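What you see is a predicted model, and the numbers here were worked out from it, not measured in a lab.
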Amino acid sequence: LFIGNSLIDMYAKCGYLAGAHAVFQGLSVRDVVSWTSLIVGYSDCGQFKEAVDCYDQMPCVGYSPNTVTLMCTLKACGNIEAPDKGLQVHREIVLKGFENDNHIANTLMDMYFKCGLIASAEVVFDKLPVQDLISLNILLAGHLEKCSGKEVLACFQHMQHNGFAADLASSVCAVKACTKSGDISTGKEVHAYILKSGFDQDLPVANSLIDMYGKFGLLVEAEDVFDSLPIRS
RNA sequence: UAGUUACUACAU
C-alpha cells in the first residue's frame, strides 16, 4: 500500500495524472493517504474541481477525510473560489474537532480570503490557536486583494514589531503593496530590508521588485535588480 | 507513504 501510495504521489508530482489515477484504480486496498495523494495531485496540477470531486466521493465508499485531506480540499476550494464547498469542509472540520490544528486553521483562513469572504477569514484569524508567520503572511496576502497598500504595509510593519522576521513570502507581499499604492519611498525601504535579509537573489522577490520599479518608471533601478540576478525566469 | 502562505508581462 505504501508503495502504491508513493507511486500515486510520484506520478502526480510529475504532472502525470493519468498514471496516478491508474495506480489508484489498480490498488486492491486503499486508505486515506491514497485518496489524499490523488486529491493533492489534482490540486497541484490545477484540476481543483476534480480534487473536490474526489473529496466528495470518499465518504460514499467508506473513507473518512483526515486533517491532511481536509486541508488539501480547502486549498482546492480557495483556488476555484468555491465558498459553499469550503463552508461544507469547515463544518466537517468543526464536527471532527480539528479547528485547533494550526495548519487547518491557516488554510481555512486562506480559503476564505481567496473566496473574498474577508470577514469570515478575519474571524478565523482572531480565533487562531497560534498566530505564526504563515498566518500573518496569509493575512498580508489576503489584505492585498481588498485593502489599500498602506494597510498591508501597516500589517507588515506591525508583524516586525511583534517579533516576527518577515520571510520571502512576506517580502513579496510588502513589495506588491507598495506597487499597488504607488509608494516609492516605502518601496525602497522594503528593498533595503530585502537586501539586509539576503532575499534579493530569490526569484519571486526579485521579480516583484522589478515589477514595482517598472511600474514606477524607475527603469534604472529595475535593471539593477535584473542584472544582479544569477538566474532569471 | 500524503499536507498550509508569496512572484512578472500580455490578456481577463
Checklist entry - So, A:Lys180 side chain and A:Leu144 main chain: donor-acceptor pair closer than 3.5 Å or not? => result yes
Next on the checklist: Give the residues of residues 18-38 of chain A touching RNA chain B, defined as any heavy atom closer than 4.0 Å, sorted by residue number.
Outcome noted: A:Val33, A:Thr36, A:Ser37
Item to check | Along RNA chain B, first and last positions that approach a heavy atom of chain A under 4.0 Å | outcome: B:U1 to B:A9
Next on the checklist: With side chain to side chain donor-acceptor pair (under 3.5 Å) as the test, pick out the partner of A:Tyr213 among A:His191, A:Lys188, A:Glu223.
Outcome noted: A:His191
Item to check | The single option from A:Glu92, A:Lys85, A:His90 passing side chain to side chain donor-acceptor pair (under 3.5 Å) against A:Gln88 | outcome: A:Lys85
Checklist entry - How are the rings of A:His21 and A:Tyr42 set to each other: parallel, tilted or perpendicular (split at 30° and 60°)? => result tilted
Checklist entry - Counting N and O atoms only, with roles assigned by atom type, does the side chain of A:Glu151 sit under 3.5 Å from a partner on the main chain of A:Ser148, one being a donor and the other an acceptor? => result yes
Checklist entry - Can you list the steps and then say if A:Phe226 with A:Arg232 is a side chain to side chain contact (heavy atoms under 4.5 Å, CB included)? => result CA-CA 8 Å; A:Phe226 184 87; A:Arg232 303 185 184 101; 3.2 Å; yes
Checklist entry - Hey, which of A:Thr69, A:Thr67, A:Asn5, A:Asp9 is the one that makes side chain to side chain donor-acceptor pair (under 3.5 Å) with A:Thr36? => result A:Thr69
Next on the checklist: Which heavy atom of A:Val40 sits nearest to which heavy atom of A:Cys72, and what is that distance?
Outcome noted: CG2-SG, 3.4 Å
Next on the checklist: What contact category does A:Ile138 fall into here, base, sugar-phosphate, or nothing, at under 4.0 angstrom with non-hydrogen atoms?
Outcome noted: sugar-phosphate
Checklist entry - Does A:Arg30 use its side chain to pair, donor to acceptor, with the backbone of A:Gln25 at less than 3.5 Å? => result yes
Item to check | Parallel, tilted or perpendicular, as decided by the 30° and 60° cut-offs, for the rings of A:Phe24 and A:Trp35 | outcome: perpendicular
Checklist entry - Using a cut-off of 4.0 Å on non-hydrogen atoms, how would the nucleic acid contact of A:Asn106 be classed: base, sugar-phosphate, or nothing? => result base
Item to check | Ranges pairing with ranges for RNA chain B, where each run has three or more Watson-Crick or G-U pairs under 3.5 Å | outcome: none
